[in-house]
Amino acid sequence: GENVEQHPSTLSVQEGDSAVIKCTYSDSASNYFPWYKQELGKRPQLIIDIRSNVGEKKDQRIAVTLNKTAKHFSLHITETQPEDSAVYFCAANEDAGGTSYGKLTFGQGTILTVHP
Amino acid sequence: DAGVTQSPTHLIKTRGQQVTLRCSPKSGHDTVSWYQQALGQGPQFIFQYYEEEERQRGNFPDRFSGHQFPNYSSELNVNALLLGDSALYLCASSLFGVDEKLFFGSGTQLSVL
């Protein structure tokens, strides 16, 4: 099955700095890579996702890059704000026989703290 | 447009008991997946239901079972509860074969004493 490794486990930045979180995956058949933000006591919320036919995707201050050859993908947050503080999870799908059933394998999470 | 709803929000059980958790998917979605999130960990896939059938299953014992109803809502049942079953149980919905985006509910926090 798929294995997703995420690092760092904790990340502390000053407001306005950039934050980068990296993940590696093991299954070369994986083709969908979402990122979720989970605030304390709340549901995981999808913040951005990327498919394997794209190398980079941006949405305002958030961007994700994918390197299929190296099997790693990264989340980039620019101009961080205190409200960006949360736990961030990367994930990769398991493509079941060419038709994805949406089974995701998650990384262990990164606790991001943005200091004012 | 209602999002994914789960009930109850919190539950306390003792070892050996059985529990049923419930989930209603986001409007327009037909697929429900269940995840277990232990404290400080990422969610782990339990199983997924589509067309009232279990489509995929993660590495969880048979004590974990589920059901999907014709209205797409779903239940997760756990028998013979163990202390290690204490976790946040998340339900996620999606549209099968169309969009892989998963939308999560707020979860049920299960404590086994």
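Below, read A as the first sequence line, B as the second, and so on, with proteins coming before strands; counting in each chain starts at 1. In this text the structure is predicted, and so the values were computed from the model without any measurement.
Tyr35(B) places a side-chain N or O within 3.5 Å of a backbone atom of Leu104(A) that can act as its donor or acceptor partner. Listed for the Arg43(A) side chain is no donor-acceptor partner under 3.5 Å among the backbone atoms of Gly105(B).
The two residues Phe89(A) and Gly42(B) have their closest heavy-atom pair at CE2-CA, 3.3 Å.
Most heavy-atom pairs under 4.5 Å with chain A, from the set Gly40(B), Gly107(B), Pro43(B): that is Pro43(B). Listed options Gln44(B), Lys101(B), Gln109(B) were ranked by heavy-atom pairs under 4.5 angstrom with chain A; first place goes to Lys101(B).
Residue Asn71(B) places its CG atom among more than 12 non-hydrogen atoms of other residues, nucleotides or ligands, all under 6.0 Å distant. Atom NZ of Lys13(B) has more than 12 heavy atoms from other residues, nucleotides or ligands within 6.0 Å. Summarising the local packing, CG of Leu40(A) is surrounded by 12 or fewer heavy atoms from other residues, nucleotides or ligands at distances under 6.0 Å. For OH of Tyr50(B), the number of neighbouring non-hydrogen atoms (other residues, nucleotides, ligands) closer than 6.0 Å is greater than 12. When the shell of 6.0 Å around CD of Glu79(A) is examined, it contains 12 or fewer heavy atoms from other residues, nucleotides or ligands. Remark: Leu82(B) CG is packed, more than 12 non-hydrogen atoms of other residues, nucleotides or ligands lying under 6.0 Å away.
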Discussion item. Working note: Gln41(B) + Gln108(A), criterion side chain to side chain contact (heavy atoms under 4.5 Å, CB included); need CA distance, chi angles, decisive distance, verdict.
Written reply: CA-CA 5 Å; Gln41(B) 303 292 316; Gln108(A) 294 299 299; 2.2 Å; yes
Item to complete: Carefully, step by step, assess Tyr36(A) and Phe104(B) under the rule side chain to side chain contact (heavy atoms under 4.5 Å, CB included).
Response: CA-CA 10 Å; Tyr36(A) 285 83; Phe104(B) 283 90; 3.6 Å; yes
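Counted by atom type alone, Gln37(B) and Gln38(A) present one or more donor-acceptor pairs between their side chains at under 3.5 Å.
Both the backbone and the side chain of Pro44(A) have a heavy atom closer than 4.5 Å to some heavy atom of chain B.
Note that CD of Glu100(B) is 13.0 Å distant from NZ of Lys103(A), once rounded to the nearest 0.5 Å. Atom CG of Leu102(B) sits about 6.5 Å away from atom OH of Tyr32(A), to the nearest 0.5 Å.
Under the rule for a ring-ring contact (aromatic ring centres under 6.0 Å, His included), His76(A) has no partner lying at least two apart in sequence or in another chain. For the salt bridge (Lys or Arg N to Asp or Glu O under 4.0 Å) test, no residue two or more places apart in sequence or in another chain qualifies with Glu15(A).
Placement of Phe33(A) and Ile21(A) within a single hydrophobic cluster is found when ILVMFWY residues are connected by side-chain heavy-atom separations under 4.5 Å, directly or transitively. Val20(A) and Leu112(A) sit in two unconnected hydrophobic clusters of ILVMFWY residues. Membership requires side-chain heavy atoms under 4.5 Å apart, directly or through other members.
Hydrophobic cluster membership of Val32(B), counting Ile, Leu, Val, Met, Phe, Trp and Tyr whose side-chain heavy atoms lie under 4.5 Å apart directly or via other members: Leu11(B), Val19(B), Leu21(B), Trp34(B), Ile46(B), Phe47(B), Tyr49(B), Phe60(B), Phe64(B), Leu76(B), Val78(B), Leu81(B), Leu83(B), Tyr89(B), Leu110(B), Val112(B).
Near-neighbour residues of residues 45-73 of chain A relative to chain B, defined by a heavy atom under 4.5 Å from a heavy atom of that chain, comprise Leu46(A), Asp49(A), Arg51(A).
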